[in-house]
Amino acid sequence: MRELRSRLSGLLGRSEALLVALLLASGAFGAALSPYFLRVSTLFDMTSQFVEIGLMALAMTLVIVLGEIDLSVASVLALSGVVLGSLHEAGIRLAMGLPAALGLGTFLGLFNGWLTTRLKLPSLVVTLGTMALYRGLGQILLGDRSTYGFPAWFVSVDLHYLPGTPVPLPLVIFALFAVVFYLLLHRTVAGRLVYAVGNNAEACRFSGIAVDRVKILVFTLSGFMSAAAGIMMTSRFGSARWDMATGLELDVITTVVLGGTSIFGGRGTVAGTVLALFVIGTLRYGMGLANILPQNQSVVIGALLILSILAPQVWTGRRRPHLPRTSSTT
Amino acid sequence: MEMSPSVESPAVRWVARLRDLGLLVALAVVVVVTAFRSPQFATAANFQRILLDISLLLIVATGETMVVLTRNIDLSVGSALGLVGITVGFYLKGHPDIPTGLILAMGIGLGTLLGSVNGLLVAWGRVPAIIATLGTLSMYRGLVFVQSGSQQVNPQDLPARLIALARPTALHVPWMVILALAIAVAALLFLRFSRTGRAMYATGSNPMAAHLRGIPTQKVVFVTYLVSGALAGLAGILYAARFATVNPASAGMGFELQVVAAVVIGGTSILGGRGSVVGTVLGALLLGTIANALAVTGVSGFWQRAIEGGIILAAVSADAVLRQHAPGRRGEHA
Amino acid sequence: QQVRIAFIPKNLGNPFFDAVYAGVQRAAGELGFSTVEIGPPTADPASQIPFIQQQVAQNVDAIILSANDAHAVVPALQAAMRRGVKVVTVDADAAPEGRQAYIQPVDFTKIGEEQVKLLAELLGGRGEIAILSATTTAPNQNFWIEGMKVELAKPEYSGMKLVKIAYGDDEPQKSFRETEALLAGYPNLRGIIAPTTVGIAAGAQALETNRAADRVQLTGLGLPNQMRQYVKNGTVTAFQLWDPSQMGYAAVYLVKAMVDGFEPKPGLSFAAGDLGERAFGENNVVIAGPLTTFTAENIDQFDF
Amino acid sequence: MTPLSVEAVLATRGLTKSFSGPPVVRDVDLDLRPGEVHALVGENGAGKSTFLRMLAGVHRQDRGQILLDGAPVEVSSPSVAQSYGLALISQEPMLFPDLSVAENIVAGEYPVARPVPWVRWGAMYLEAQELLESIGSNLDARQRVGGLSVAQQQMVEIATALARRARIVLMDEPTASLSPREVDRLFGIVRTLIKRGASVVFVNHRLEEVFTIANRITILRDGAKVGTFPTSEITRDEVVRRMVGRDLVWLYDKPPSQAGPVVLEVEHLTRRGVFHDVSFHVRRGEIVSLAGLVGAGRSEVARAIFGVDPPDRGTVRVDGQPVRMRSPREALQAGLAYLPEDRQHQGLVLPLSVAQNITLSILREVTRLGWLRTGAEEAIAGRLVERLQVKTDRVAQPVEQLSGGNQQKVLVGKYLVTHPKVLILDEPTRGVDIGAKAEIHRLMGELAQQGLGILMISSELPEVLAMADRILVLREGRLVKELSPDEATEETVMRAAVGALDGVPEGTCGAG
Ligand SMILES: Nc1ncnc2c1ncn2[C@@H]1O[C@H](COP(=O)(O)OP(=O)(O)OP(=O)(O)O)[C@@H](O)[C@H]1O
Ligand SMILES: Nc1ncnc2c1ncn2[C@@H]1O[C@H](COP(=O)(O)OP(=O)(O)OP(=O)(O)O)[C@@H](O)[C@H]1O
Ligand SMILES: [Mg+2]
Ligand SMILES: [Mg+2]
């Protein structure tokens, strides 16, 4: 895997090192912008605002390395939250509701994978449809209401800390998942299959790999992570509605591609995604503290996204034309 | 929808070229079912409304089709639409007497400029299209707010002649619709019969091979972004004409997803090289008809989104199934 | 040290909240406070939370907020109050445990009634009517719609029939399309109430485009600046609103009182600058002012 | 440096290129005379393709000069090369899968109308069809290229180069997957080209072909030129010795095999429009060869057996057990392995490393509880790389950086490690050099002796004759002949492949 990563950096002209540098730079930028930035407790607290994106981005990294995309993540998040809330309203204990919500998200992911592989349709099209469908189901279920009134232990997970530290619980959960995904993608046979299928699904089929099964599993995983994010967000808000996390799928994808994952599949790392998540989070937090409007923040994030690719090229002065890899002829 | 014909007889080939059959079937089902449920649906006035609704989508999706054919994507179209709409809208506040033609030209010009940024980044900057246009998506939207100071353009700021573009003409068809159809037909002919159009297919089908054949792939990609930007700019003006309001937070917000949806539902491959404007027209028509049908039949607002998603899935599934069983096509090789 | 107030509207770029903020600034100018207006570009439920947290991290003294969702903001607001930040909601309330006081623009229980009365006048008391609302989730909208339904049930409105409630999501484009769908779907439609500033403006434009103004009466809650043209060219005869700046103005004076140690409680009252005394009702709700009806005669007296 | 000879149309002086390590083409001087067929030979990875790619503007040289008609030129891009009248037929077909054969042939130079330059589709199809016929292919010009066999794609590539009317044609192993009839046609075309005044550089590992067509031979070894020799003044053995740098036993003499019980039985296999009622069997320890012309349906039969494209009718049994032919996975589990002919798309995952490619089908063996054991993986790969003499820096090198022949060796290695009962090899030595080819043949012999049944598809008749215990000839999707080694000669096989009557039928391509 070390090879792959060095190749990745060679090909895209950037690496995790660049992202680390960016992270430091955005930290310095934030500190320069606002005197309130370098306060340890708030610095840790801010992570809770993007941990849900991070959870989904971890799974999305696998999805995109596989050469697919999942636009329905934010809708799965919302529907899981809504179902959790509805079950709770119906008097079902959270001890049952939580696994049910997770199970539902997992199933929704499975459905995405099943449709994609069965119909041999691009996942972009399939998840464009389920994106509307899943969110619509949440809307049918809950209508215009929001559900709230969860037990106190469940609400505000972001205000619980690792004992004796300023580290909020969501960050801990994310870190655990990040490690799991790192091992999964870079150390296990499952990860190898994801890379192989993402690079050449046809050759994998000839090698006796159950390509469709790999795809379905990864979509299922994405559904699971979205549901986990949905539970976390519901806890954070103490309530759930059908329209929570609207448009978040774009943030998730932005994070993954800034992290160096190729949208054409076959390349990408978990470390890149994690770093990119913190780069964007730090920047947004710093600018937010300086009362820079979110739309102006967007200009900065957009420029960063482009510069992160452009700058290293100018730096190394490479002149070879960038050509996406050739497609399969069969 | 592939332009390259296959081995079979002309008749079979013709049917195969109507690969959009599945979409047509889906469209027909939506129309018939809705017509039965609501007497107001199948009226001339309502069809005119559908056409007006999709013409914005169609114009932008036509440009997007070209971009996608070259194995790229333009996610900035919604923001570009908003930016052009706001910029020209604010300009018109102070200059109410500008001829409509000039206003359209301004929109196209500004849009082309925005498109050229994408084109430069992708073609010569070698920034992957999704990253470049995700970036400009954010940047252009940010500029919309900066440009407008978060204020919106109100109906009284816009010349009546501009707004008249979205009104029925003597022929009962608004200019906007005529314009959209003309653009689609022009793009269709361009893609089928011009060398640059064919180069777009070649570039998307195998960029490396196109480069080795001496096809100026960078120029080709650049041109597609120019076209996409120009059409998004034009749509920005027409948006102002249709809604008489340009709000920085909502003009074109999320529009890129609808546009990409129309293109891919229309059968253009996101891996490039395969697809056509005919498919895109059908895709846009399907999306527009679904939205209209849901509104007209008085389906509860709570159900609309789920039904819309369900219909899209059903339509593309029907399409995929029909395609897999189409004559002369081997599913395994698709 | 100067008192710092953050105003968080539902979304930026909304002329209504610009008017509220104008009131905030006027009061802050009188009191020597500093203010900032910051918020999300679109009015979705969770989007205000980061702004609340960022303002708390900056140690502001008070947050004035119009809530996109009554419940989602509660944990963040409670955390803010625990850190000593004063929290006052305006226009759209958060759940009572999430704020110390709420300034209601007018008596909301009256809005449904007043709107139905106005439309009945315009229609001569008969015909099919529809409502064009914002999002399906907006609490104010739903409260007012409830009020309208109750009012319509009264015998004097037996000639009027509510045929449809449409949702334009406070997006001009969607509202426009929904209005057109109403026109198409209900040929006998005589009146539309759009109790949302975005909805009524888009609705007016749709009436004008479809040349339906002589058939259908549109009214609702709108901003004079946005509606002026339609009132003048006869597309819209009359609509209503309160003066949004009064809410902002009163809120800042309430913050001042609270910073000085005042604890809002039902029955108590505070001095709201040149608005005079304002009293707290149940749940610490304060009503800022009356509802105004705008017509071609008076509209030029207003600029917001 | 060699002094410049006046009559050279194309010359290189000191041409050098390196990628990341040491140069892979080093100080190469070469003169191409007008009207000459100049063969370029060398072991896999010697630098032949890299050399041609520099001439064609695909790579830029690090050092050295390219001269056209004696004048130095900068070939900075493929389009510049084209404007100089250079055309490259590349080793791996570079085509547009979504476009028709005709568009592939003319792409970039469409016939257009005047004064408005719109593409004249009718004229384009007509032109392309004529061109195809002139090279003896009856591919339909309107057919989509995606889905063509490698050999058919190679024919399209050749037609493309012809359509350019190039002055200098660079052919990188154009015959690697062609059968004798197509090779003959190609040589006919080359001679026509020469008559028209063009010159040809010709890369090939099949020395008999080199000696048939070339005027002169340039030998490369490890990127450096060993020498240029007129074909008449050098022998094959001499060429091989100079290529390898030492004496080499480059012919594998297969011992007669001991056939055991039947391991693979194929009955009435039919796929409409492609092949019909194909029945045969393979015994343990036996090497059976499937011969035929390009497009006869050999690969199709193999793919059907392996479950890639399920057949319409027929059964396949391994050790008497029926195989459900629905996916390659099931076929593998039943003990079948299939080495596909299209290594770039079906065989290898190019961006992955040599080791990762080799273990792709046997991941189970290098995993413990889902954990990858990279050490075990590299050990397996290391052994194969050594055995097959894959020229690679390290087993962790991405396969896409290997030369074509070395990629093929990795592919062979990948299938040798799967321990199947029946191994189907589709053009196993395509593009492989003589030494490695002998090694692959030796391996095949060993596997057969261990009791494997081997079904080999090859377009190279000498290979078929040397290796096969039985030869099955396929023509237009039907098994027309079975030959024992005693009966088989190049002539009997070819006669069966083209049709018993000598009026060679013109419809042997594109079974569909
Ligand atoms: N892109 C690349 N990156 C790194 N090394 C490369 C690259 N392309 C080729 N090489 C190396 O250059 C050497 C020469 O390769 P080349 O393809 O020219 O060989 P060849 O003579 O054509 O061999 P073959 O007969 O197998 O086709 C090989 O060792 C190969 O590994
Ligand atoms: N109906 C069809 N539609 C599209 N392509 C087809 C069809 N039938 C056959 N082909 C293609 O034509 C090719 C000819 O068959 P095949 O490859 O089996 O011949 P072969 O004898 O192995 O010759 P080759 O040397 O070309 O591999 C196949 O690769 C297949 O992809
Ligand atoms: Mg080579
Ligand atoms: Mg073959």
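Excluded from the calculations below are hydrogen atoms, water molecules and symmetry mates; all remaining heavy atoms, backbone and side chain alike, are included. Each chain gets a letter, A, B and so on, in the order its sequence line appears, and its residues count up from 1.
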Looking at every heavy atom in both [X] and [Y], which two are closest together, and how far apart are they?
X	Y	result
A/Ile306	B/Met139	CD1-SD, 4.2 Å
B/Ala261	A/Leu128	CB-CD2, 3.0 Å
B/Gly125	A/Leu310	O-CD1, 3.4 Å
A/Ser298	B/Ser138	O-CB, 3.2 Å
A/Leu137	B/Ala306	N-CB, 3.9 Å
A/Ala132	B/Gly309	CB-CA, 3.7 Å

Q. ring-ring contact (aromatic ring centres under 6.0 Å, His included) with B/Phe222: which residues, sequence neighbours excluded?
A. B/Trp124
Q. So which of B/Leu257, B/Thr136, B/Ile312, B/Val146 has the largest heavy-atom pair count under 4.5 angstrom toward chain A?
A. B/Leu257
Q) How long is the span from the CD1 atom in A/Ile64 to the CD1 atom in B/Ile130, to the nearest 0.5 Å? A) 7.0 Å
Q) Looking at CD1 of B/Ile131 and OG1 of A/Thr261, how far apart are the two atoms once the value is rounded to the nearest 0.5 Å? A) 9.0 Å
Q.
Heavy-atom count check: over 12 atoms from other residues, nucleotides or ligands less than 6.0 Å from B/Phe90 CZ?
A. yes
Q | Part of A/Ile301 within contact of chain B (heavy atom distance under 4.5 Å) | A | neither
Q) chain B heavy atoms under 4.5 Å from A/Leu304: which part of the residue, side chain, backbone, both or neither? A) neither
Q. Which of these passes side chain to side chain contact (heavy atoms under 4.5 Å, CB included) with B/Leu313: A/Leu133, A/Thr127, A/Leu119?
A. A/Leu133
Q. Given A/Val125, which of B/Val264, B/Val260, B/Val263 fulfils the side chain to side chain contact (heavy atoms under 4.5 Å, CB included) condition?
A. B/Val264
(Q) A/Tyr285: which residues meet the side-chain hydrogen bond (donor to acceptor under 3.5 Å, both in side chains) condition with it, sequence neighbours left out? (A)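 So A/Tyr285 forms a side-chain hydrogen bond (donor to acceptor under 3.5 Å, both in side chains) with A/Thr42.
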Q | Most contacts with chain B, counted as non-hydrogen pairs under 4.5 angstrom, among A/Val300, A/Leu141, A/Leu124, A/Leu142 | A |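 Sorted descending by pairs with chain B, the first entry is A/Leu124.
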Q: Check each atom of B/Leu134 against the heavy atoms of chain A and say whether the ones under 4.5 Å are side chain, backbone, both or neither.
A: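 Both the backbone and the side chain of B/Leu134 come within 4.5 Å of chain A.
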Q. Would you say A/Leu250 and B/Leu137 make side-chain contact, with heavy atoms under 4.5 Å?
A. yes
